[in-house]
Amino acid sequence: MGAMAGPTHSLPEYADRVLTAAEVIPPGRVLTYGDIARRLGEGGPRQVGRVMALYGAAVPWWRVVRADGRLLPGHERRALERYRAEGTPLRDGTAPGDMPRLDLRRARWDGG
DNA sequence: GTGCTGACACAGG
DNA sequence: ACCTGTGCCAGCA
């Protein structure tokens, strides 16, 4: 196969799949990085995380979360606003001013 | 080639 | 509940 010219797709196919997986998560629900990696059957949580770090702004990034339910460092405020607006299940901290965490048991999406 | 880093996950203590 | 170490895989200096 000869000269295949320039970039037919700007994003690597894998990144495209990760973004699509994030895109289909319904409001009020979340998937973990590991969940997405498993759904794709390729790569791992860290690879999903890297794609989200690079291109996550284009999709509902707040619906892709860590398995421990902790909010994304540096984006807690923005994420929390979304969760409250979407009714995503949260677990409030014991102390006032304490940052809530996601209640994964209820928030995790079992779609597909 | 080697080694460090990272929007992770899990087991221990 | 917290922190630490280990496994993991890809990118980059």
Side-chain angles (χ1 to χ4, degrees):
Chain A
M1 306 290 286
M4 286 311 263
T8 41
H9 50 273
S10 42
L11 300 184
E13 193 176 329
Y14 181 69
D16 195 23
R17 279 198 248 169
V18 169
L19 296 179
T20 299
E23 190 73 58
V24 301
I25 304 171
R29 291 303 180 86
V30 300
L31 285 181
T32 70
Y33 298 92
D35 286 341
I36 291 182
R38 233 167 122 68
R39 281 174 82 94
L40 298 181
E42 193 179 2
R46 309 207 71 137
Q47 280 53 258
V48 174
R50 193 168 57 80
V51 171
M52 291 304 293
L54 292 171
Y55 314 113
V59 299
W61 52 266
W62 58 93
R63 297 180 194 147
V64 183
V65 301
R66 278 178 68 137
D68 62 7
R70 204 166 270 195
L71 305 193
L72 184 64
H75 299 269
E76 294 98 337
R77 211 185 131 67
R78 256 160 318 207
L80 199 48
E81 245 182 76
R82 293 298 189 167
Y83 297 143
R84 296 224 188 267
E86 297 183 359
T88 310
L90 299 169
R91 286 188 59 170
D92 302 324
T94 52
D98 206 6
M99 190 56 71
R101 305 236 214 124
L102 287 154
D103 184 351
L104 275 188
R105 204 155 55 137
R106 291 191 293 162
R108 202 176 218 158
W109 182 44
D110 49 358

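Naming: A, B, ... by sequence-line order, numbering from 1 per chain. Heavy atoms only: backbone and side chains are in, while hydrogens, waters and symmetry mates are out.
Checked by atom type and distance alone, the side chain of A:Y33 never pairs as donor or acceptor with a backbone atom of A:M52 at under 3.5 Å. A:R63 places a side-chain N or O within donor-acceptor distance of the main-chain N or O of A:I25, the cut-off being under 3.5 Å.
Take the nearest nucleotide of DNA chain C for A:R50 and for A:P45: the residue whose nucleotide is more 5' is A:P45. When the nearest nucleotides of DNA chain C are assigned to A:Q47 and A:R70 by heavy-atom distance, the more 5′-ward of the two goes with A:R70.
If you check every strand for non-hydrogen atoms under 4.0 Å, A:G34 touches sugar and phosphate atoms only. Nucleic acid contact class of A:R101 (heavy atoms, under 4.0 Å, all strands): sugar-phosphate only. Residue contacts shown for A:T32 are limited to sugar-phosphate atoms, with no base heavy atom under 4.0 Å away.
Enclosure of atom CZ in A:R29 by more than 12 non-hydrogen atoms of other residues, nucleotides or ligands within 6.0 angstrom is indicated.
B:dA7 atom C1' lies 10 Å from atom CG of A:L54, rounded to whole Å. Counting to the nearest Å, the P atom of B:dA7 and the CG atom of A:L19 are 16 Å from each other. Distance, A:D92 CG to C:dA1 C1': 16 Å, rounded to whole Å. When rounded to the nearest whole Å, the span between CZ of A:R63 and C1' of B:dA7 equals 17 Å.
Within the structure, every side-chain polar atom (N or O) of A:R78 is placed at least 4.0 Å from both OP1 and OP2 of B:dA7.
Under 3.5 Å, the side chain of A:R46 and the base of C:dC9 form no donor-acceptor pair of N or O atoms.
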